[in-house]
Amino acid sequence: MKTIKLTASSRQDLLNTLLKRSPNNYTAYESTVSRIIDDVRTNGDASVFAYTSKFDKWDITADTLKVTEAEIEEAYSRTDKDFLDVMKRAADNITAFHKKQLRNSWIDTKPDGSILGQRILPIAISGVYVPGGKAAYPSSLLMNVIPARVAGVGKIIMTTPAGADAKVNPGTLAAAKIAGVDEIYKIGGAQAIAAMAFGTESIPKVDKITGPGNIFVALAKKACFGYVSIDSIAGPSEILVIADETANPRYVAADLLSQAEHDELASAILITTSESLAKEVQAQIDGFLKELSREDIMRKSLENYGYILLADSMDDAVSAANAIASEHLEILTKNPYEIMTRIENAGAIFLGEYSSEPLGDYFAGPNHILPTNGTARFFSPLCVDDFMKKTSIISYSKEALTRAHKDIELFAEKEGLTAHANSIKVRFEK
């Protein structure tokens with residue numbers, strides 16, 4: 001990791017470096033993704049099957065596209081019982097947390113007969129993308145599906161690529177059963193996103209697409225936004241730790257590496273007021289790198305996007321943290337709750353030395369689908385609201401409109417919209 005003094009200049013240089021990781025810089029792949037989307041939109045199943053054969057190396061048909069109940073039950077029976085129990089406990093925690101986000105429709109009536117309100121309903125059908133390949137992330141599946149289920153979404157479908165043997169990772173299927181996915185299709189990549197966005201002969205069109213994926217998946221979601229809703233264009237993972245001299249350097253080092261192992265573009269940053277802590281953390285990182293399995297990935301991540309920033313004061317540390325707006329923010333200080341009240345921008349905040357970031361990834365309950373690349377300044381974690389739609393309700397009596405009609409007519413006339421004004425005026429003609 002690079003150890004540098006935190007100044008206005010170094011902070012800006014860091015922000016510029018981190019922004020290079022934005023998915024908005026993936027323009028080199030946009031034309032390829034656009035062709036795939038147009039092809040699937042035009043040719044439906046035939047294109048999906050052709051791309052699956054090309055990229056996933058197995059011959060898919062309408063009969064083998066959908067995961068069967070027998071396949072799900074077989075995968076569930078093959079999954080380690082202890083792991084199943086852990087996923088169920090995690091699902092319970094995620095469900096309990098997201099149930100607290102539910103909101104009710106409301107109506108407000110006034111004595112003059114005016115009625116205003118908001119009707120809140122779940123979307124009809126949601127689609128979740130789950131990556132395949134060598135890695136499987138059941139935790140991400142739980143985080144994407146359970147809020148939709150809590151919201152009351154009518155149908156939840158899932159797409160995930162199968163291996164060359166036409167089988168889906170059993171852990172993924174077991175998690176899908178626990179979360180309550182209704183239908184699972186064995187397709188991946190940009191073609192899966194396009195299929196959910198526009199529908200094919202075999203795959204229903206959805207209202208919203210959530211879930212992580214590679215560059216092609218991210219760009220496909222971006223291109224399909226507007227035809228469907230999406231969660232976000234997720235960038236590489238990131239962690240920022242604010243620590244003072246009271247922090248345990250071994251804990252800090254372990255937590256930084258927990259994100260650095262995701263990929264070479266992951267960012268791990270420590271901001272500290274203690275130079276001695278900075279040196280001890282670096283020593284602990286060097287030791288961990290010799291022990292942990294993804295050493296090459298972590299070394300590249302830390303070399304490119306790993307920083308230890310030495311701050312003159314905690315005020316400077318907090319200011320930098322708000323500017324960076326990290327996906328994950330840990331506060332390991334003497335009084336983390338006081339520091340937390342000054343944090344304005346972060347996807348998720350972890351307080352104290354026993355609240356390390358993986359607690360949020362897997363088990364605590366809050367969603368781990370978080371804004372990245374500084375977008376925590378204006379985006380929020382995935383939540384139940386993301387699967388709800390809100391409709392305004394307006395009803396005025398003649399008495400209520402009588403009091404307001406002159407104001408409305410004036411407003412419309414000032415905007416040059418005489419038909420708007422007339423729509424009100426005709427109700428008060430002699």
Q: May I ask you to decide whether Lys334 forms a salt bridge with Glu245, counting only side-chain N to carboxylate O separations under 4.0 Å?
A: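 Salt bridge flag = no for Glu245 with Lys334.
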Q: Atom CD1 in Ile271, atom CG in Leu310: separation rounded to 0.5 Å?
A: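 One finds 10.5 Å between CD1 of Ile271 and CG of Leu310.
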Q: Determine yes or no for a side-chain-to-main-chain donor-acceptor pair under 3.5 angstrom, with Asp255 supplying the side chain and Ser356 the backbone.
A: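 A pair under 3.5 Å: no.
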Q: Answer yes or no: is there an ion pair linking Arg299 with Glu295, defined by an N-O contact shorter than 4.0 Å?
A: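 Answer for the salt bridge query: yes.
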Q: Is there a donor-acceptor pair closer than 3.5 Å between any side-chain N or O of Glu327 and the backbone N or O of Glu238?
A: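 Checked: pair present.
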Q: For Phe55, is the CZ atom crowded, meaning more than 12 foreign heavy atoms sit under 6.0 Å from it?
A: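 Counting other residues, nucleotides and ligands, CZ of Phe55 exceeds 12 neighbours.
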Q: Can you tell me how far apart CG (Asn373) and OG (Ser326) are? Round to the nearest 0.5 Å.
A: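 Separation between the atoms: 10.0 Å.
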Q: Check for a donor-acceptor pair, side chain of Asn248 on one end and backbone N or O of Arg250 on the other, with a separation under 3.5 Å.
A: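 Yes, because the side chain of Asn248 sits within donor-acceptor range (under 3.5 Å) of the backbone of Arg250.
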Q: Please confirm whether the backbone N or O of Pro212 pairs with a side-chain atom of Asp231, one donor and one acceptor, at under 3.5 Å?
A: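 No, because the side chain of Asp231 does not come within donor-acceptor range (under 3.5 Å) of the backbone of Pro212.
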Q: Counting only heavy atoms not in Tyr396, do more than 12 fall under 6.0 Å of its OH?
A: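 No, the 6.0 Å shell around OH holds no more than 12 heavy atoms from other groups.
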Q: Please tell me if the side chains of Pro122 and Phe387 come closer than 4.5 Å, counting only heavy atoms from C-beta onward.
A: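 Side-chain contact under 4.5 Å: no.
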Q: In terms of side-chain heavy atoms, does Arg21 have a donor or acceptor partner in Thr372 at a distance below 3.5 Å?
A: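 Not at all, the side chains of Arg21 and Thr372 share no donor-acceptor pair under 3.5 Å.
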Q: Would the distance check show the side chain of Glu330 and the main-chain N or O of Glu357 forming a donor-acceptor pair, the cut-off being under 3.5 Å?
A: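 Yes, the answer is positive, given that a donor and an acceptor are paired below the 3.5 Å cut-off.
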Q: If we check side-chain contact (heavy atoms from CB on, under 4.5 Å) with Asp45, which of these qualifies: Val40, Ile60, Thr200?
A: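 Answer after filtering Val40, Ile60, Thr200: Thr200.
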Q: Checking Ser114 against Asp112 for the side chain to side chain donor-acceptor pair (under 3.5 Å) test, could you report, in this order, the C-alpha distance in whole Å, the side-chain angles of both residues, the deciding distance, and whether it holds?
A: CA-CA 6 Å; Ser114 61; Asp112 63 5; 2.9 Å; yes
Q: Between Ile349 and Leu351, what is the shortest heavy-atom contact and its length?
A: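 Closest approach of Ile349 to Leu351, heavy atoms only: CG2-CD2, 3.7 Å.
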Q: Within 45 degrees of the ring normal and closer than 6.0 Å to the centroid, is that where the cationic atom of Arg89 sits relative to Phe363?
A: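 Negative - Arg89 is either too far from the ring of Phe363 or too far off its axis.
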Q: Tell me if the CZ atom of Phe288 is crowded by more than 12 foreign heavy atoms within 6.0 Å.
A: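 Yes.
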Q: Cation-pi check, Arg41 to Tyr227: give yes when NZ or CZ is under 6.0 Å from the six-membered ring centre and within 45° of the ring axis, no otherwise.
A: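 Yes, a cation-pi geometry holds between Arg41 and Tyr227.
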Q: As a quick check of understanding, evaluate salt bridge (charged side-chain N to carboxylate O under 4.0 Å, His left out) for Glu69 and Lys177, giving each step before the final call.
A: CA-CA 10 Å; Glu69 286 297 323; Lys177 179 180 173 68; 5.7 Å; no
Q: Looking only at atom types and distance, does a side-chain atom of Lys221 sit under 3.5 Å from a main-chain N or O of Gly211, one as donor and one as acceptor?
A: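 Yes: the side chain of Lys221 pairs with the backbone of Gly211.
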Q: Is a side-chain N or O of Asn304 found less than 3.5 angstrom from the main chain of Lys300, in a donor-acceptor match?
A: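 Looks like yes, one N/O pair under 3.5 Å.
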Q: Any side-chain to backbone donor/acceptor pair from Lys155 onto Ser126? Under 3.5 Å, distance only.
A: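 Not at all, since once roles are kept as given, no pair shorter than 3.5 Å links the two residues.
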Q: Going by ring-ring contact (aromatic ring centres under 6.0 Å, His included), name the residues that satisfy it together with Tyr29, two or more places apart in sequence or in a different chain.
A: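 By the ring-ring contact (aromatic ring centres under 6.0 Å, His included) rule, Tyr29 matches Phe216.
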Q: For Lys99, I'd like to know if atom NZ has over 12 heavy atoms of other residues, nucleotides or ligands within 6.0 Å.
A: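 No, not enclosed.
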Q: Any chance you could measure Ile184, atom CD1, to Lys66, atom NZ, to the nearest 0.5 Å?
A: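 The distance works out to 9.5 Å.
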Q: For Lys279, is the NZ atom crowded, meaning more than 12 foreign heavy atoms sit under 6.0 Å from it?
A: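 Atom NZ in Lys279 is not packed in, count stays at 12 or less.
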Q: Nearest 0.5 Å please: distance from the CD1 atom of Ile239 over to the CD1 atom of Ile269.
A: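 Interatomic distance, Ile239 CD1 to Ile269 CD1, rounded to 0.5 Å: 10.0 Å.
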Q: In terms of side-chain geometry, is the basic nitrogen of Asp85 or Lys81 positioned less than 4.0 Å from the acidic oxygen of its partner?
A: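 Counted as a salt bridge, because a side-chain N and a carboxylate O are separated by less than 4.0 Å.
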Q: Judged by atom type as modelled, is there a donor-acceptor pair below 3.5 Å linking the side chain of Ser301 to the main-chain atoms of Ala266?
A: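 Confirmed, Ser301 side chain pairs with Ala266 backbone.
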Q: Has the side chain of Arg119 got a donor or acceptor atom that lies under 3.5 Å from a matching backbone atom of Lys389?
A: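 Absent.
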Q: Residues in side-chain contact (heavy atoms from CB on, under 4.5 Å) with Arg377, at least two apart?
A: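 Listed in chain order: Ala325, Asn345.
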Q: Has Glu275 got more than 12 heavy atoms of other residues, nucleotides or ligands less than 6.0 Å from its CD?
A: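 At most 12 heavy atoms, drawn from other residues, nucleotides or ligands, come within 6.0 Å of this atom.
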Q: Which distance, rounded to the nearest 0.5 Å, do you find between the NZ of Lys208 and the CG of Leu382?
A: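 Answer for the NZ-CG pair, Lys208 versus Leu382, is 7.0 Å.
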Q: How long is the gap from CG on Asn93 to NE2 on His98, to the nearest 0.5 Å?
A: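 Reported to 0.5 Å precision, the distance equals 11.5 Å.
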Q: Kindly write out the residues that satisfy salt bridge (charged side-chain N to carboxylate O under 4.0 Å, His left out) with Glu201, not counting sequence neighbours, or none if the list is empty.
A: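 Glu201 satisfies salt bridge (charged side-chain N to carboxylate O under 4.0 Å, His left out) with no residue once adjacent residues are dropped.
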Q: Under 3.5 Å, is there a donor on one side chain and an acceptor on the other for Asn144 and Tyr129?
A: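 Distance-only check fails for Asn144 and Tyr129.
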Q: Pick one: which of Thr3, Leu14, Ile324, Leu6 meets side-chain contact (heavy atoms from CB on, under 4.5 Å) with Tyr307?
A: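 It is Leu14, the one option of Thr3, Leu14, Ile324, Leu6 that forms the side-chain contact (heavy atoms from CB on, under 4.5 Å) with Tyr307.
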